[in-house]
Structure formats: structure tokens, C-alpha cells
Peer 1: 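Here's a structure for you.
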Amino acid sequence: MKRLDILLDCLRTHGLKGTKPETVTALTDDSRAVEPGGMFVAVRGTASDGHDYIASAIDRGAAAVVCEEIPAAIDEARLSRAFFVLVPNSSIALGLLASRWWGDPSRALTLVGVTGTNGKTTIATLLYRLATAMGEKAGLLSTVENRIADEIVPATHTTPGPLKLQALLARMVDAGCSFCAMEVSSHAAAQHRIAGLDFDGGIFTNLTRDHLDYHKTFKAYLEAKKSFFDSLSGRAWALTNLDDPNGPIMVQSTAARPTATYSLRNDADFRVQVVENRLDGMLLDFNGKEVETMFVGRFNASNLAAVYGAGILSGFDSDEVLKAISAMTPVAGRFQPFRSPQGVTAIVDYAHTPDALENVLSTINEIMAGKGRIITVCGCGGDRDKGKRPLMAAVAARLSQVVVITSDNPRSEDPKAIADDMLAGVTDPCMRARIIVNLDRREAIRTAAALAAPGDLILIAGKGHETYQICGGETRHFDDREEIAQALGIGSCKL
């Protein structure tokens with residue numbers, strides 16, 4: 001139970017109607033979850049509008065309703081039973097109210113947000129590990145998992161909704177955490193799920209085509225990412241990737257200070273150079289100091305540059321940060337290696353965009369140097385951006401000797417239609433001849449393993465850490481790592 005005056009103090013309102021209760025018993029944006037004496041926030045979503053459920057919320061006992069307008073269909077009897085709070089944007093209001101409800105937990109944490117198309121999970125996870133190595137109790141909000149110190153909380157979204165997000169942050173504070181690293185998705189920024197959060201730092205990784213099924217245009221996608229940096233206060237720092245042309249754009253309007261840069265190719269505040277790149281790790285130069293790491297690929301060198309910079313901007317000692325980086329291991333499902341006794345190497349990676357797939361395959365080609373074949377297993381998700389499907393296949397065909405096109409998470413779409421969309425991107429007959437289509441993902445992985453000879457490398461792209469496959473209305477257990485280990489007759493992921 002919370003005092004309503006204290007909750008409303010965080011909002012900008014443009015109208016109040018009805019008799020104001022002194023307290024409310026609960027806060028929700030789901031009319032089905034309204035408790036007697038509770039507060040209902042009517043949020044406009046992509047599939048439904050909470051304003052259509054205000055009457056239902058009142059019937060369930062809502063004492064207060066936060067909305068952008070009072071629907072004309074609400075009768076006088078219901079109007080008399082609830083207190084209405086009119087706000088310019090109810091999505092923003094929900095974030096602010098959720099933060100206040102849980103005692104503004106982000107103010108008690110050093111909260112660092114990571115946004116961009118690729119690298120968010122790796123950077124956020126490594127920042128969590130870095131803070132832990134520095135002796136801090138830390139939290140993590142990521143695509144793979146959420147963590148409250150050592151406790152693992154399953155993740156359902158890259159960035160949870162405001163109510164769950166603030167509750168998780170409050171649990172971190174109660175557990176004694178002082179630091180939290182979190183992924184900030186473009187959906188979360190556009191839907192104002194991060195409203196009410198007090199960020200101490202923000203990191204931009206890169207921007208390539210993704211989620212256009214939701215954002216519709218690349219410009220809208222960019223603006224969603226940029227809005228995160230626009231929202232940072234002058235008490236926060238911002239760190240951006242100079243190797244991405246959108247890096248400077250992200251921070252051009254931010255109030256954050258300092259605004260710092262990282263790069264593999266350009267002069268930057270945090271410059272990292274690849275000295276050696278091997279399948280079992282890299283030797284990297286961090287601002288003139290060489291460090292051996294267990295990560296592979298220039299994209300991971302860029303991720304580590306962001307971690308290095310963010311660690312120092314967060315107040316950690318530079319040498320201690322580098323020491324911690326040298327001991328870090330790759331994140332689950334991100335360039336995760338397997339090797340069979342017969343000398344076949346496999347890599348499982350989450351790469352599910354054309355840019356991410358090109359980064360991974362370019363790294364593999366650089367390391368392999370023509371000494372073995374590259375066999376790529378990949379697909380594309382159903383009910384998502386169709387425009388990237390031919391691009392994914394074109395990248396795989398150009399940078400692999402054999403491509404096995406298969407199902408990813410087809411969802412409600414016909415897997416064959418998805419595969420046909422991908423094949424449309426490969427028009428060269430020689431490249432087309434390298435492609436095998438096997439829509440059963442398990443069989444596709446087994447086919448790749450059967451085709452591989454000693455010295456070859458199999459890349460299984462698209463699902464990474466995921467332990468499920470969504471086909472039609474069914475979600476079933478499926479793990480690329482388990483499948484390739486079984487297909488190669490091994491039980492571990494160590495090279």
C-alpha cells in the first residue's frame with residue numbers, strides 16, 4: 001500500500017477527476033490483475049490499448065486510473081467510483097510510477113545501460129563480471145539471464161517491462177548490490193520501458209539492420225537508440241563506438257558528461273588493437289598495454305574495448321580492469337567453440353543479423369586462412385523483418401564453402417517460405433550450388449557434422465544461447481550447443 005500523493009508527485013499531470021483516495025493497494029497495467037483499491041495505468045500498446053479496459057479495471061475495484069484521456073464510453077456510475085489522473089503519455093507515467101512504487105531503486109545503484117544492434121549481451125555480461133571482480137555486489141539484466149548478485153533469474157525479454165524491471169532493481173538493492181549492467185533494447189526505448197531509471201552511464205555498440213518489422217524504417221530504429229542517450233542526465237557518462245558511423249550521432253544531443261569514445265581503427269579515448277587473433281583467443285593492446293584474452297574476433301575486441309572504457313568511467317582502476325579482462329571467458333552462445341576428437345571445430349553464435357553474421361564469418365575466414373572449409377548452418381526467424389533474409393543468405397554464401405539453410409524460430413510462418421526468401425538473395429549459380437536446404441534444424445546440424453572433414457569449421461548461427469525453438473504455437477526444447485556436441489560425439493565446449 002502506497003500513499004497516492006507520493007506516487008503522483010513524480011508525474012506531470014494535466015487533469016484530475018473524482019475523489020482522490022489517500023492510498024492505493026497495488027500498481028498494474030493489466031486490467032485482469034487489478035486489486036480492490038489498486039491503481040490501473042492504461043498504456044497504449046502495439047496490439048491493444050489499455051484505455052479500452054478502463055471500465056473492466058474499475059469493475060475489478062481500481063481506486064485510481066492513470067490515462068491519457070477518459071473514454072467517452074465510461075458511464076457516470078463508473079466515473080464516480082474511481083479517481084482519474086490524466087497524463088500526456090501513460091507509458092512514461094507507468095515507468096515513473098513503477099520506480100516510485102519500488103522506492104526509486106536505480107538511484108541507489110551505479111546503473112549502466114548498453115544499447116546497439118550487436119554486442120549488448122556480451123558487454124553487459126562482462127561489465128557484471130567486471131564489477132564482481134572489483135569486489136562489488138552486482139546485478140545484470142540481459143537477453144540470456146538476469147542476475148541479482150549470484151542468483152539467476154530467467155530472462156523473458158531483453159529489457160523487461162517497467163513493473164518487472166523496477167522490482168528486479170529493488171531486489172538488487174535489497175540484496176546489497178551497488179552496480180547493475182543492463183541491455184537497453186530499441187523496443188524498450190521506443191516503448192518508454194526505461195522511463196524512471198537513473199542511469200550513471202550509457203554505451204553504444206553499433207547500428208545495423210534489425211527489428212524493422214517493429215520500427216518500420218532504419219531512421220526510426222536509430223532514433224529509438226538515440227533517445228536513450230538523449231535521456232541521460234549531466235551526472236552520467238556516455239561511451240560511443242567511433243568505428244560505427246552512427247557513433248557520433250548517438251551522443252550529439254546528450255547531456256551526459258563526459259562523452260568518451262572507443263575504437264579499433266581510430267584515435268579514441270579507449271583504443272584497442274588486435275595484435276594476434278587465434279581460435280583460442282586474442283592478444284590485444286589496450287592503450288599501449290598488451291593483454292592476452294580468451295575471446296576471438298575483432299567484434300569481440302570491440303566489445304572488450306567498450307568494457308575497458310566503461311570500467312574506467314565507472315571508477316575502477318585501469319590495471320585492475322585489464323587484469324579482470326584477461327581472466328574473462330566468452331558469454332554463453334557467443335562464439336562458443338566445440339572441437340571433436342577428429343579435428344572438426346564448431347562455433348555456436350547468436351549472429352542473427354547480416355552484419356553480425358558477416359563479422360563472425362570474416363573472423364573465421366581470417367583465422368582459418370584457407371586451411372579448411374567453412375560450413376555455415378543458419379536460418380531466419382518467422383514473423384520478423386523479412387528484408388534481412390536474402391541478405392543473411394548472401395553473406396553466408398559469400399563467406400562459406402558450404403551453407404545449410406534451415407529453420408530458426410519459424411513461429412507462425414511456413415519454414416519453407418522463409419528459406420525461399422533467403423535463397424532469393426543468392427543468384428550466382430556457383431554460390432547457389434554450395435547451398436543445402438534442410439528445414440529440420442537438428443538434421444541440418446547433423447548434415448553439417450557429417451560433411452565436415454578434419455580441419456573444417458562449422459558455424460551454427462542464429463540462436464546461440466537459446467534453449468528452445470518456436471514452431472507454430474509450440475515452444476519446444478532445442479539447444480544448438482547440445483545438438484552439435486552430440487553430432488560431433490563430444491561432451492564439452494573446450495577447444
Side-chain angles (χ1 to χ4, degrees), residues 209-210 213 333 338 344-362 364-365 368 372-453 456-464 466 468-488:
R209 183 188 180 110
D210 200 14
D213 53 298
F338 297 73
V344 175
T345 299
I347 300 291
V348 173
D349 193 86
Y350 189 54
H352 62 285
T353 66
D355 180 70
L357 185 61
E358 179 152 8
N359 284 339
V360 171
L361 281 171
S362 295
I364 291 170
N365 273 281
M368 295 280 285
R373 294 182 307 164
I374 299 170
I375 303 170
T376 296
V377 179
C378 66
C380 287
D383 303 330
R384 298 294 186 267
D385 178 13
K386 293 185 178 182
K388 72 179 182 181
R389 293 173 184 175
L391 303 178
M392 290 281 286
V395 169
R398 176 167 52 86
L399 296 174
S400 312
Q401 281 68 55
V402 180
V403 178
V404 184
I405 288 180
T406 188
S407 297
D408 189 289
N409 290 315
R411 300 182 177 88
S412 69
E413 284 196 69
D414 178 0
K416 184 179 183 302
I418 298 172
D420 288 344
D421 286 344
M422 295 182 71
L423 287 170
V426 185
T427 57
D428 181 271
C430 293
M431 288 189 179
R432 193 68 173 256
R434 303 175 189 171
I435 298 176
I436 300 167
V437 177
N438 191 324
L439 299 178
D440 184 311
R441 193 171 181 92
R442 177 174 289 112
E443 290 303 319
I445 291 172
R446 289 176 178 173
T447 297
L451 290 172
D456 289 347
L457 186 145
I458 303 167
L459 171 66
I460 304 169
K463 291 176 62 59
E466 292 179 354
Y468 59 85
Q469 188 176 34
I470 306 171
C471 301
E474 180 187 0
T475 299
R476 59 195 184 204
H477 178 81
F478 194 94
D479 190 324
D480 284 350
R481 296 162 296 180
E482 293 176 1
E483 296 300 330
I484 189 58
Q486 185 175 13
L488 293 177

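The chain is numbered in sequence order, starting from 1.
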Peer 1: I'd like to check Val360 versus Leu459 (side-chain heavy atoms, cut-off strictly below 4.5 Å). Are they in contact?
Peer 2: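 Yes; the side chains approach each other to less than 4.5 Å.
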Peer 1: Listed by chain and number, what are the side-chain hydrogen bond (donor to acceptor under 3.5 Å, both in side chains) partners of Glu482, not counting sequence neighbours?
Peer 2: His477
Peer 1: Quick one: closest heavy-atom pair of Val344 and Ala452, and the distance?
Peer 2: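 Scanning both residues, the minimum pair turns out to be CG1-CB, 3.7 Å.
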Peer 1: What's the spacing between Ile460 CD1 and Glu483 CD if we round to 0.5 Å?
Peer 2: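 The CD1 atom of Ile460 sits 9.0 Å away from the CD atom of Glu483.
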Peer 1: What's the spacing between Cys471 SG and Arg476 CZ if we round to 0.5 Å?
Peer 2: 3.5 Å
Peer 1: How would you list, by chain and number, every residue that makes a side-chain hydrogen bond (donor to acceptor under 3.5 Å, both in side chains) with Arg389, sequence neighbours excluded?
Peer 2: Glu413, Asp421
Peer 1: Taking Ala397's backbone N and O only, do any of them form a donor-acceptor pair with Arg434's side chain (distance below 3.5 Å, no angle check)?
Peer 2: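 Here the side-chain-to-backbone pair exists.
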Peer 1: Before giving the answer on side-chain contact (heavy atoms from CB on, under 4.5 Å), spell out for Thr475 and Gln469 the whole-Å C-alpha distance, their side-chain angles and the decisive distance to 0.1 Å.
Peer 2: CA-CA 6 Å; Thr475 299; Gln469 188 176 34; over 6 Å; no
Peer 1: Quick one: does Met422's side chain get under 4.5 Å of Ile435's, heavy atoms only?
Peer 2: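 Of all side-chain heavy-atom pairs linking Ile435 with Met422, none is under 4.5 Å.
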Peer 1: Side chain of Ser400, backbone of Val403: donor and acceptor closer than 3.5 Å?
Peer 2: no
Peer 1: Testing the basics here: between Met392 and Leu357, what is the closest heavy-atom pair and its distance to 0.1 Å?
Peer 2: O-CD2, 3.5 Å
Peer 1: Minimum heavy-atom separation for Leu488 to Ala346, with atom names?
Peer 2: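 Between these two residues, the closest heavy atoms are CD1-CB, 3.9 Å.
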Peer 1: I'd like to know if the side chain of Asp383 reaches the main chain of Ser412, judged simply by a donor and an acceptor atom lying under 3.5 Å from each other, with no hydrogens or angles considered.
Peer 2: yes
Peer 1: Quick one: side-chain hydrogen bond (donor to acceptor under 3.5 Å, both in side chains) partners of Asn438, sequence neighbours excluded?
Peer 2: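 Not a single residue meets the side-chain hydrogen bond (donor to acceptor under 3.5 Å, both in side chains) criterion with Asn438.
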Peer 1: Under a 3.5 Å distance rule, please check whether Asp349 uses its side chain to pair with a backbone N or O of Ala461 as donor and acceptor.
Peer 2: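 No; judged by distance alone, with no hydrogens or angles, the pair does not exist.
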Peer 1: side-chain contact (heavy atoms from CB on, under 4.5 Å) for Gln401 and Thr376? Distances and angles first, verdict last.
Peer 2: CA-CA 8 Å; Gln401 281 68 55; Thr376 296; over 6 Å; no
Peer 1: Please lay out, stage by stage, how Tyr350 and Lys463 fare under the test side-chain contact (heavy atoms from CB on, under 4.5 Å).
Peer 2: CA-CA 5 Å; Tyr350 189 54; Lys463 291 176 62 59; 5.6 Å; no
Peer 1: Holding to side-chain hydrogen bond (donor to acceptor under 3.5 Å, both in side chains), I want the full list of residues that pass it with Glu443, two or more places apart in sequence or in another chain.
Peer 2: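 With neighbours one apart ignored, the set is Arg446.
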Peer 1: For side-chain contact (heavy atoms from CB on, under 4.5 Å), just list the numbers for His352 and Cys378, CA-CA rounded to whole Å, side-chain angles, deciding distance to a tenth of an Å, and then say yes or no.
Peer 2: CA-CA 8 Å; His352 62 285; Cys378 66; over 6 Å; no
Peer 1: If you round to the nearest 0.5 Å, how far is OG1 of Thr345 from CD1 of Ile364?
Peer 2: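 That separation rounds to 10.0 Å.
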Peer 1: Identify whether the distance between the nearest side-chain nitrogen and carboxylate oxygen of Arg481 and Asp479 falls below 4.0 Å.
Peer 2: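 Salt bridge: yes.
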Peer 1: Shortest non-hydrogen contact from Ile405 to Ala393?
Peer 2: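 Nearest pair, atom of Ile405 first, then Ala393: CD1-CB, 4.3 Å.
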Peer 1: Could you list the residues that satisfy side chain to side chain contact (heavy atoms under 4.5 Å, CB included) with Pro415, not counting sequence neighbours?
Peer 2: Ser407, Pro410, Leu439
Peer 1: I want to check something: taking the side chain as every heavy atom from C-beta on, are Ile458 and Ile347 in contact at a cut-off of under 4.5 Å?
Peer 2: no
Peer 1: Write down the atom of Leu399, the atom of Asn365, and the distance for their closest heavy-atom approach.
Peer 2: O-ND2, 3.0 Å
Peer 1: State plainly whether the residues Lys416 and Asp420 are in salt-bridge range, i.e. N to O under 4.0 Å.
Peer 2: yes
Peer 1: State, yes or no, whether a side-chain contact exists between Phe338 and Val348 at a heavy-atom distance under 4.5 Å.
Peer 2: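 In contact.
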Peer 1: Search all heavy atoms of Val377 against all heavy atoms of Ile445 and return the closest pair with its distance.
Peer 2: CG1-CG1, 4.4 Å
Peer 1: Give every residue pair that meets the salt bridge (charged side-chain N to carboxylate O under 4.0 Å, His left out) criterion with at least one member in residues 398-411, sequence neighbours excluded.
Peer 2: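 Sorted result for residues 398-411: Glu358-Arg398.
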